[in-house]
Amino acid sequence: MHNKVLDINNIPALRFEHNRAVLETDKHAGCNALEPALREPSKCSTMANWIAWVSPELRGRIFHYLLSSRRTRNYYYSISEAGYKRLYQTVLPYASPDILHLSTNDVITALATVLFAQAFHKAGRIDGATDFMTNIMLDIRPRMKRLSRANYVGNALLIKEATNPLDILLQESAPQALATVACSIRRAVNSVDERYCNQLGYMFNKARCSYVDMLLQITKTKNTFVCTNHTRFKYYEMDFGNGVPALVRPSFLVFENDFVIMPAHPDVGGFELAFTTVPEVAKHIDDSKYWQFC
């Protein structure tokens with residue numbers, strides 16, 4: 001580790017916006033197609049309406065209790081730079097012609113989707129479903145000009161779903177399956193533009209229960225998981241006087257089936273993958289033949 005001395009006199013002055021009012025938009029803002037559950041916010045469940053009504057403090061205690069009572073554990077895997085290049089080169093030849101670019105997030109999240117779907121199936125946690133849903137956590141700030149200009153630092157996340165047929169995801173050691181999922185994730189991410197964010201923000205402001213209801217649906221649905229990409233964050237450049245971290249991993253993930261892509265230490269390279277799930281699912285993730293592509 002290397003220590004650095006921070007000269008507070010040379011820190012550039014920056015202004016940050018904390019007021020959620022910057023998110024409020026006109027109801028006539030254009031939009032792309034919204035998720036069906038969000039088109040009519042008045043149809044939120046009774047539980048969602050109640051959780052949205054209670055104070056933030058009580059809401060926090062409720063979620064803390066629900067999360068602390070789970071049987072889930074955290075599981076960590078590593079993919080080297082060479083392993084990721086093999087994975088990318090395995091997927092790329094099977095990508096759809098309409099997809100001009102596949103990102104790191106697309107490819108690694110596709111791998112996680114197949115791992116989760118097959119593990120859920122083998123653990124008997126998919127009850128007659130024909131599709132599997134990947135919930136992609138997205139930051140709306142790069143997609144909304146006014147938030148970027150304002151340096152908004154509040155909660156500015158939304159969840160966009162990508163759904164794939166289980167009969168594709170359950171194929172054994174098939175690069176085509178990875179490519180199909182990676183392309184569906186790329187299409188889902190591309191569909192979230194400024195108009196989509198504007199309309200979604202309006203719906204959430206109109207009926208606060210909409211966001212709570214969406215989160216509850218994710219926690220209740222068995223054939224789904226939530227993924228987040230943290231690779232853009234400069235975790236290994238942070239030095240508060242004791243040197244840069246030797247290892248950064250999330251110690252606590254929110255959803256029962258959660259997945260986070262983290263950057264590995266620069267001296268090692270590659271990526272750290274964090275899964276949160278129950279042991280009977282995790283053992284099938286460990287045994288998956290899809291790791292051979294890494």
What are the two closest heavy atoms between [X] and [Y], and how far apart are they?
X: F116; Y: T276; answer: CZ-O, 4.2 Å
X: E194; Y: R143; answer: CB-O, 3.1 Å
X: R59; Y: V54; answer: NH2-O, 2.9 Å
X: A95; Y: C183; answer: CA-SG, 3.8 Å
X: E280; Y: K283; answer: O-CG, 3.5 Å

- Message: Below 30° counts as parallel, above 60° as perpendicular, anything between as tilted: where do the rings of Y84 and F271 land?
- Response: perpendicular
- Classify the angle between the aromatic ring planes of F259 and F225 as parallel (below 30°), tilted (30 to 60°) or perpendicular (above 60°). perpendicular
- Query: Between R249 and Y76, is NZ or CZ placed under 6.0 angstrom from the six-membered ring centre and within 45° of the ring axis?
  - Reply: yes
- R73 CZ: over 12 foreign heavy atoms closer than 6.0 Å: no
- Item | NE2/H284: more than 12 non-hydrogen atoms of other groups inside 6.0 Å | yes
- Kindly indicate whether the side chain of L247, heavy atoms from C-beta on, has any atom under 4.5 Å from the side chain of E272. yes
- Item | Minimum side-chain heavy-atom gap I261-L273 below 4.5 Å | yes
